[in-house]
Amino acid sequence: SIVIDNSDSKSAEMPTVAIKDAKVSKSIPQSALKNLNTRKLMKEMEASFLATRKFNVVTRTKDSLEDIREEQKFAESDLSSGDAAESGQFKSADFLIRPEVHQFSFYATTHKIPNLQSKYLRTDHGSLEINAQVVDTVSGEIKATFALKDSFSTKERMVNNSGGVPAKEYFSKMAKDVSAQMADQFLALVYPVEIISMKGNTVYLNRGQDGGLRVGDVLEIYYKGEALIDPHTGEQLGVAEEYVGTVKVSKINPKFTIATIMQDKLEGEVSVGCIVRKP
């Protein structure tokens, strides 16, 4: 099992995450690949994890590692007078994330406007789908696989030609959105959202502005039951859960969130320690 201290700990005590270079499915056509900026995607993924302020992030992208090795070799040379990490001294990660782009499209559709010379109506389209596998680097156990997706389709607009592809800003937005999804899902895996205090129908959650929640979100509440143990291996399979109601987010503070109970299915079962999740 994963035991995490949710207190304000030093960065050295926070879990360390490394994100591998994204693999790309061979099924994606070449015409789309030239618009797939995996470097931009990786930077957005790393930025999303850093934004949570709950993880150390170490780079595993090939170009970054090569730059670090080059700098370490310089530090060991006669040209350097300062202290630096010796060659090969890279921080290990607690969790390795292995993303694979298995679907990507980025194109425009146009059709001629009758009776107007060189005038077309154009719509831009795009979609990005990624499977991200989370591996515990100590045990080698696959902890989860996240399905991440985003897409866009613009309104029709008049243009002077029938060629071209969508602007790069549309890819940037998709990359940012799927990266935020991945960070949110990983955060919920390692640091489950829980009710930490109650006052009447008002509950307080252990997630603040870095938790991916928004005012108005309706969340489901689950009561944590007994641990489920495999009788043959002794392995802990998880915890039995029971749906007990819903809450609606009313205010988000820097380090905690306030929500209001909308439904208490079993009347009184919503309590401190219950897990809260997005539907």
Side-chain angles (χ1 to χ4, degrees), residues 1-2 4 15-29 32-33 35-52 54-55 57 59-61 93-107 124-137 139-153 166 170-194 207 210-214 216-222 228 237-239 241 243 246 249 275-279:
S1 61
I2 304 171
I4 300 296
T16 299
V17 176
I19 306 171
K20 294 286 287 182
D21 279 316
K23 293 185 177 181
V24 179
S25 172
K26 294 181 180 179
S27 63
I28 297 176
L33 284 178
N35 296 301
L36 177 58
N37 188 341
T38 55
R39 183 168 182 164
K40 172 68 174 175
L41 178 62
M42 299 309 298
K43 286 184 176 180
E44 290 293 352
M45 287 181 173
E46 291 177 346
S48 290
F49 274 85
L50 286 171
T52 68
K54 293 185 181 295
F55 305 105
V57 179
T59 185
R60 288 296 183 267
T61 58
D94 301 301
F95 298 99
L96 187 65
I97 299 180
R98 305 170 63 200
E100 179 181 3
V101 181
H102 71 90
Q103 196 281 331
F104 176 68
S105 63
F106 202 69
Y107 63 99
D124 291 336
H125 311 270
S127 64
L128 176 62
E129 295 186 15
I130 296 173
N131 286 334
Q133 188 182 75
V134 180
V135 180
D136 185 318
T137 60
S139 65
E141 179 184 0
I142 298 174
K143 290 293 184 182
T145 299
F146 302 142
L148 318 165
K149 64 173 69 176
D150 193 51
S151 63
F152 72 91
S153 185
Y170 290 110
F171 177 82
S172 296
K173 184 179 183 305
M174 288 198 299
K176 188 182 293 290
D177 286 349
V178 295
S179 297
Q181 291 173 32
M182 183 169 71
D184 286 348
Q185 291 185 45
F186 188 82
L187 194 62
L189 174 70
V190 180
Y191 296 95
V193 182
E194 295 186 18
R207 192 74 89 249
D210 56 353
L213 300 177
R214 298 180 181 178
D217 281 352
V218 176
L219 311 173
E220 296 178 343
I221 310 169
Y222 293 87
L228 301 175
L237 304 177
V239 178
E241 297 180 346
Y243 171 79
T246 56
V249 174
I275 298 291
V276 179
R277 295 197 187 96
K278 293 180 180 180

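Since the model is a prediction, treat every value here as computed from it, not as a measurement. Quick note: residue numbers are just sequence positions, from 1.
Taking Glu129 as the reference, nothing meets the salt bridge (Lys or Arg N to Asp or Glu O under 4.0 Å) condition, with sequence neighbours excluded. Taking the ring-ring contact (aromatic ring centres under 6.0 Å, His included) definition, one finds that Phe171 meets it with Phe104, sequence neighbours left out. With sequence neighbours left out, Lys149 forms a salt bridge (Lys or Arg N to Asp or Glu O under 4.0 Å) with no residue at all. Evaluation of the side-chain contact (heavy atoms from CB on, under 4.5 Å) rule for Pro29 yields Ser31, Ala32 as partners, not counting sequence neighbours. For Thr38, the side-chain contact (heavy atoms from CB on, under 4.5 Å) criterion is met by Val24, Leu36, not counting sequence neighbours. Annotation: salt bridge (Lys or Arg N to Asp or Glu O under 4.0 Å) contacts of Lys23 (sequence neighbours excluded): none.
We find the OG1-CZ distance between Thr145 and Arg98 to be 9.5 Å, quoted to the nearest 0.5 Å. Atom CZ of residue Arg277 and atom CD of residue Gln185 lie 12.0 Å apart, to the nearest 0.5 angstrom. Atom CE of Met45 and atom CG of Leu50 lie 14.0 Å apart (nearest 0.5 Å). Note that CG of Asp184 and CG of Leu213 are 8.0 Å apart. Values are rounded to the nearest 0.5 Å. Taken to the nearest 0.5 Å, the CG atom of Leu187 stands 11.5 Å off from the OG atom of Ser48.
Taking the side chain as every heavy atom from C-beta outward, Leu96 and Lys20 approach each other to under 4.5 Å. At least one side-chain heavy atom of Lys173 sits less than 4.5 Å from a side-chain heavy atom of Asp177.
Listed here is the closest heavy atom pair of Asn37 and Lys40: OD1-N, 2.9 Å. When all heavy atoms of Ala22 and Leu41 are compared, the closest pair comes out as CB-CD2, 4.3 Å. Minimum heavy-atom separation, His125 to Ser153: ND1-OG, 3.1 Å. For Lys278 against Leu219, the heavy-atom pair with the smallest separation is CG-CD2, 3.8 Å. Across Glu46 and Ile19, no two heavy atoms sit closer than the pair N-CD1, 3.9 Å. When every heavy atom of Ile275 is checked against every heavy atom of Pro192, the shortest pair comes out as CD1-CB, 3.7 Å.
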Apply side-chain contact (heavy atoms from CB on, under 4.5 Å) to Gln103 and Ser127, showing your working.
CA-CA 7 Å; Gln103 196 281 331; Ser127 64; 2.8 Å; yes
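In this structure a side-chain-to-backbone donor-acceptor pair under 3.5 Å is present from Thr137 to Asp94. Using a distance-only test at 3.5 Å, with no hydrogens or angles considered, no donor-acceptor pair links the side chain of Thr16 to the main chain of Ala93.
For Phe95 and Phe55, the ring centers sit 6.0 Å or farther from each other.
In this structure, Ile142 places its CD1 atom where only 12 or fewer heavy-atom neighbours from other residues, nucleotides or ligands lie under 6.0 Å away.
Judged by a 6.0 Å distance limit and a 45° cone about the ring axis, Arg207 is not positioned over the six-membered ring of Tyr191.
Using cut-offs of 30° and 60° for the angle between ring planes, the Phe152 and Phe106 rings count as perpendicular.
Each of Val134, Ile130, Ile97 was checked for a side chain to side chain contact (heavy atoms under 4.5 Å, CB included) with Phe146, and the lone residue meeting it is Val134.
Residues Lys143 and Glu141 are paired through a salt bridge, judged by an N-O separation under 4.0 Å between the basic side chain and the carboxylate.
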